[in-house]
Number of protein chains: 2
Amino acid sequence: MARAGLTTELVAQVGAELADEAGFDQVTPSALARRCGVKVASLYSHVAGGHDLRVRIAVLALDELADRAAEALAGRAGRDALIAFANVYRDYALAHPGRWAAAQMRLDRDTAAKSGAIRLSQMTRALLRGYDLPEAEQAHAVRLLGSVFNGWVSLEAGGGFSHSDPEPAESWTRALDGLDTLLRNWPSR
Amino acid sequence: MARAGLTTELVAQVGAELADEAGFDQVTPSALARRCGVKVASLYSHVAGGHDLRVRIAVLALDELADRAAEALAGRAGRDALIAFANVYRDYALAHPGRWAAAQMRLDRDTAAKSGAIRLSQMTRALLRGYDLPEAEQAHAVRLLGSVFNGWVSLEAGGGFSHSDPEPAESWTRALDGLDTLLRNWPSR
DNA sequence: TAGGTTGCCTAAAACCTTTAGGCAAATACA
DNA sequence: TGTATTTGCCTAAAGGTTTTAGGCAACCTA
C-alpha cells in the first residue's frame, strides 16, 4: 500500500496550514487526517493526540515568529528596531491567523522553555538596549511591549478593528510612535 | 418529573462558572448538562448548540466587564480614571479566567454591537477626555489602550508572567504610569 | 379543572477520539 | 542480494460528543 510519507514535523506543518485556512479550533485529528489523505488512526503514529498536535503547532508558530524577529532585528537599533520588531508580530499574525491563535495557547513550563517564546522575550530586552532605561525598569518595559504587540495583533487579527474608523495600519504606526516616545521619556520613579 | 428550572440566562451563567473553574474550552453541551443535572438534549431547549452557548458566555462576560468599568469610571478623571479602568480589566480577568477567555471570542458583527464591547470602547474614549489629545489622535490612543489592557491581561491570566522576575502587580503599576505619561506627551504629528 | 405551553426525557444517527492488532513497504545489515 | 527489523498505514472496535425528533408530565392560564 502506497505511503503518504508523513513525519511528526510534516504533520505539524500541515496542521499549521489547516489552522490558517480554517481556524485553529478546526485543527483536529480527524480534519487533519482528511487533509493528509490518511486514516485517522494513522496520525497517532506521529502525534500523541489532539492536544499534542495543537501544542506542536503552537511551538512551530513561536519558532517561526522568533526566527523572523531575529532577522528583523539584525543590524537595527532604537526606533528602527522597535518598528521592525513590532511589524514582525503584526505581519505574521495577519498572514497566519491560525498559527497566531496557536501561539496564544497556554503551554506548560518546559514546552514554553524550549519554544521561541523565550527567544522573543530576550529579543525584546535586547531591543530596549537602544533606549536609555534604568536596569530596574527594563523588565516592566519588556512586559508592556509584549502586551501591546500581543494585544494589538490579537485584536486586529480577530477583527476587533474591522468596522471602525481609521485604517488599522495608520493607527499602528501612530501607536508605535507613541511607544517610541514613551521609551524615551520613561517615568522612572 | 422534577424540573431543574433552567432558562437561557441561567444556562449561560452556569456555563460562565464552569468556564472559570475548568477552562473555557471545557465548556461543552455535555459538560454543562452534567453540571446542571440534566440530560444533554434538554439543554437544546435553551441554547441552539455548543457555539451559541459559548457566544452567550462571551456576551455575558463583556456585559459584566462593561458594568464594572462604568462603575469604576464614575466620578473619576485623568490618571485616576485610567488606573481604575485598567484595574477593572485586570481584576476581572484574574478573578474570572474562563469568562475572560470567552470575551476574547471573535463575535459576528451584530452580536458584538449588542454586547458590552461597544460600551467599553466608548468608555475608553471618554477616559481620554481627561487628557489633551487632538481629536484625530483619539482613535489611535483608544486602540493602543485597548491593546495594552487586552494584551497584558491575556498574558498574565494565561500564565505568561508566572515564572519571571518582578511581581506582575509591580510591573502593572509601572506600565500604567508609562501610559499616563505617554498620554500627556502624545506625539501628534 | 380543561387546555395549552414548555421543560425535560428517551431514542437514535452521525460524528470524533483513542487504543489494539496486523500487513506490507521501507530500511539496515549480513 | 536475501533476510530481519523497523515503521507507516491499515481495519476494527469501544466510548464519548453533538444534534435532531418525538413524547410525557409538570406548570401556567383561564
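Sequence lines set the chain letters: A, B, ... in the order given, protein chains first and strands last, and positions in each chain run from 1.
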Separation of B:Leu10 atom CG from C:dG7 atom C1', in whole Å? 13 Å

Within residues 22-30 of chain A: residues closer than 4.0 Å to DNA chain C (heavy atoms): A:Thr28, A:Pro29, A:Ser30

Rounded distance in Å - CG (B:Asp52) to C1' (D:dT19): 13 Å

In whole angstrom, give the distance that lies between atom CG of A:Leu53 and atom C1' of C:dC16. 14 Å

DNA chain C-proximal residues of residues 40-47 of chain A, any heavy atom under 4.0 Å: A:Val40, A:Ala41, A:Tyr44

Could you give the CZ-to-C1' distance, from B:Arg54 to D:dT18, as a whole number of Å? 10 Å

So which heavy atom on A:Ile57 is nearest to which on A:Ala102, and how close? CG2-CB, 3.8 Å

Quick one: is C:dC16 close enough that its OP1 or OP2 comes under 4.0 Å of any side-chain N or O from A:Arg34? yes

Rounded to whole Å, CG of B:Leu6 lies from P of C:dG7 at a distance of 9 Å

side-chain contact (heavy atoms from CB on, under 4.5 Å) between B:Met105 and B:Phe24, worked out: CA-CA 10 Å; B:Met105 268 191 81; B:Phe24 186 52; 3.9 Å; yes

With distance as the sole test, does A:Arg54 use its side chain to make a donor-acceptor pair with the main-chain N or O of A:Gly50 at under 3.5 Å? yes

Any donor and acceptor pair, going by atom type alone, linking the side chain of B:Arg79 with main-chain N or O of B:Thr181 inside 3.5 Å? no

I'd like to know whether the aromatic ring centres of A:Trp152 and A:Phe161 sit less than 6.0 Å apart in this structure. yes

Determine the interplanar angle of the B:Phe149 and B:Tyr89 rings, folded into 0 to 90°, and report it as parallel if under 30°, tilted if 30 to 60°, perpendicular if over 60°. tilted

Between C:dC15 (P) and A:Leu32 (CG): distance, integer Å: 19 Å

Is a side-chain donor or acceptor of B:Asp180 paired with a backbone partner of B:Leu176 at a separation under 3.5 angstrom? no

Using a 3.5 Å distance criterion without hydrogens, assess whether the side chain of A:Ser154 forms a donor-acceptor pair with backbone atoms of A:Gly151. no

